[in-house]
Amino acid sequence: MEITTLYTYFKECGCVSTDTRNCPEGSMFIALKGETFNGNAFAKQALEKGCRYAVVDEAEYADGENIFLVDDCLKCLQDLAREHRRALGTPIVGITGTNGKTTIATLLYKLVRALGHKAGLLSTVVNYIDNEAITATHTTPDAIALNSLLRRMVDAGCEYAFMEVSSHSIAQERVAGLDFDGALFTNLTRDHIDYHKTFDNYRDTKKRLFDSLKKSAFAITNKDDKNGLVMTQNCQATVYTYSTRSLADYKAQILEEGFDGMLLHINNREVFVPLVGRFNVSNLLCIYGAALSLGFSETDVLCVLSTLRPVNGRFETIHSSKGWTAIVDYAHTPDAVDNVIQTIREIKKEGARLITVVGCGGNRDKGKRPMMAQIAKRGSEQLILTSDNPRNEDPKEILKDMTDGLNTDELRSTLVIEDRAAAIQTACTLAQANDVILIAGKGHEDYQIIQGVKHHFDDHEEVKKYI
């Protein structure tokens, strides 16, 4: 069946289901296959449960009324999403990379709304349909949830949609069928090797977002990252670059910097922003370039940039009455930890100590654990290794992997405190006037997963107990 014909039937339904346990009345059921199930076998059951139509890709299951046969149900789902996207019309900008996705997506959303436009956001921290907050369960939702959220954005009058695009979502075809109007690249460092197996696979998966762009779209890439220009090879869209080190379409330098913000020179214009760190200069340049590509004026964009506050759990500062400062940050990769530590060292007063509290997540890439311990140790006056989200792993084994990255002398001066609350309390107890405590890894998260059970835990709350 032609996709245009099938889309006519889809419009009668308004929504798609791939699970007979959740098929709204009048929806269209599409039979997908998994490792342990064949959705084709449930087509008739879906109709009995209230679906108006069912789509299958195996002829033996296409013998009933209102059952349509296609060549490939997954491709059909993607094509329907593409047709649906074209019908919606709201520009979508996708942000991908290892670090910075949440900051860029969230601040773009806030910038556009500050300029008087309705917008939607799909992010790791929270999703928004204009001003309605919706809990986020994944960095990028599955294809059905994603298109449902986009539909709601259109119904709410959103003129723009900004979304983080994870490597998982690209590999698993969650964003297939979306015609992105813009794509932004932040950086690429070691992450998700447990899933992609090699760094090259991880990089090439990210690149697929840019390979898929149409000619009328725009792409903005980080020239300071060695993979920045790799991303836009073979890209049909109009490509722009940003850099803090070399010639680029969008460039900036730090004139002054403190824990409360930076005075920047962006494309020959000065602006003070309440964010900190060279990595945030890159993020702001990406936001600036995207806003200009969307048609906003430079002056308006810079005015709003000067008002934007840090995203929850991204270099958030908490000041103590005793004169020390705590910084809660989501940094959970070697590069991210290094960036945050270097930023703190550039800003903190001479003679002040950096006390770093950091752990690594369980059931994830073990190879980065010793690397993160090494980076944290060599950039800090005091290192406290602790739990992050151990998930189903033994926290002691995770900490052992981290300490394997330290030599004998480094281990002697490192504290290993498995209980994260006790580790944060210890850091607060040790801190003196002008010292800085970095609590890395969890950022916005308000939970810990221990032996598969989610417990409430918030780094911000733990620090404030000792302020």
Side-chain angles (χ1 to χ4, degrees), residues 1-88 120 122 126-127 129 132 134-156 161 163 165-166 168-178 195 363 391-392 449 452-454:
M1 177 177 284
E2 292 290 328
I3 190 63
T4 51
T5 304
L6 191 60
Y7 184 65
T8 302
Y9 289 108
F10 166 79
K11 286 193 294 184
E12 293 179 24
C13 303
C15 65
V16 162
S17 171
T18 59
D19 189 339
T20 55
R21 294 169 297 182
N22 179 26
C23 44
E25 185 76 25
S27 62
M28 175 180 280
F29 176 78
I30 298 182
L32 300 183
K33 298 184 183 74
E35 291 182 5
T36 59
F37 68 91
N38 182 353
N40 287 275
F42 298 96
K44 288 186 177 179
Q45 185 183 79
L47 293 175
E48 291 168 0
K49 288 194 170 186
C51 288
R52 181 173 297 181
Y53 302 111
V55 181
V56 298
D57 55 13
E58 294 182 12
E60 63 182 292
Y61 297 102
D63 60 349
E65 189 177 356
N66 292 343
I67 299 180
F68 305 128
L69 179 64
V70 298
D71 291 333
D72 186 318
C73 279
L74 178 58
K75 185 177 185 303
C76 169
L77 179 62
Q78 296 163 0
D79 289 342
L80 281 175
R82 182 178 290 109
E83 290 296 318
H84 193 48
R85 164 72 186 94
R86 287 172 180 158
L88 299 183
L122 296 164
V126 64
N127 300 321
I129 298 172
E132 179 191 354
I134 298 169
T135 302
T137 57
H138 295 81
T139 297
T140 311
D142 66 72
I144 293 175
L146 173 58
N147 279 280
S148 174
L149 287 166
L150 290 172
R151 174 76 243 184
R152 291 179 62 188
M153 289 177 192
V154 173
D155 291 342
M163 62 179 291
V165 181
S166 68
H168 288 71
S169 72
I170 298 171
Q172 295 168 8
E173 306 287 353
R174 293 185 224 158
V175 294
L178 290 183
Y195 180 82
N363 305 114
R391 296 184 176 89
N392 292 309
I449 302 173
V453 179
K454 184 180 283 190

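Between Lys33 and Leu74, every side-chain heavy-atom pair lies at or beyond the 4.5 Å cut-off. Considering only heavy atoms from C-beta on, Leu149 stays 4.5 Å or farther from Met163 through its side chain. For the pair Met153 and Leu122, the minimum side-chain heavy-atom distance is below 4.5 Å.
Once rounded to the nearest 0.5 Å, the distance linking CG of Leu32 with OG of Ser17 reads 9.5 Å. Atom-to-atom distance recorded for Phe29:CZ and Asp19:CG is 7.5 Å, nearest 0.5 angstrom. Atom OH of Tyr7 sits about 11.5 Å away from atom SG of Cys13, to the nearest 0.5 Å. In this structure, OH on Tyr61 lies 5.5 Å from CG on Asn38, to the nearest 0.5 angstrom. If you take CZ on Phe42 and CZ on Arg21, they are separated by 9.0 Å, rounding to the nearest 0.5 Å. Note: Phe10 CZ to Asp79 CG = 12.5 Å, rounded to the nearest 0.5 Å.
At least one donor-acceptor pair under 3.5 Å links the side chain of Asn392 to the backbone N or O of Gly452. Counting only distance, with no hydrogens or angles, the side chain of Arg52 and the backbone of Glu12 share a donor-acceptor pair below 3.5 Å.
Heavy atoms only, all atoms of each residue included: Cys23 and Cys51 are closest at CB-SG, 3.4 Å. The two residues Leu47 and Glu65 make their nearest non-hydrogen contact at CD1-O, 3.6 Å. Of all the heavy atoms in Ala31 and Asn40, the pair that sits closest is CB-N, 3.4 Å. Looking at every heavy atom in both residues, Ile67 comes nearest to Ala62 through CG2-CA, 3.8 Å. When all heavy atoms of Val56 and Ala43 are compared, the pair lying nearest together is CG1-CB, 3.6 Å.
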(request) List the steps and the verdict of side-chain contact (heavy atoms from CB on, under 4.5 Å) for Val55 and Leu80. (result) CA-CA 12 Å; Val55 181; Leu80 281 175; 5.9 Å; no
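Within the structure, every pair that satisfies the salt bridge (charged side-chain N to carboxylate O under 4.0 Å, His left out) test and touches residues 38-51, not counting sequence neighbours, is listed here: Lys44-Asp63.
For OH of Tyr9, the number of neighbouring non-hydrogen atoms (other residues, nucleotides, ligands) closer than 6.0 Å is 12 at most. The number of heavy-atom neighbours closer than 6.0 Å to CG of Asp71, taken from other residues, nucleotides and ligands shown, is 12 or below.
Between Lys75 and Asp57 there is no salt bridge, since none of the side-chain N atoms of the basic residue sits less than 4.0 Å from a carboxylate O of the acidic one.
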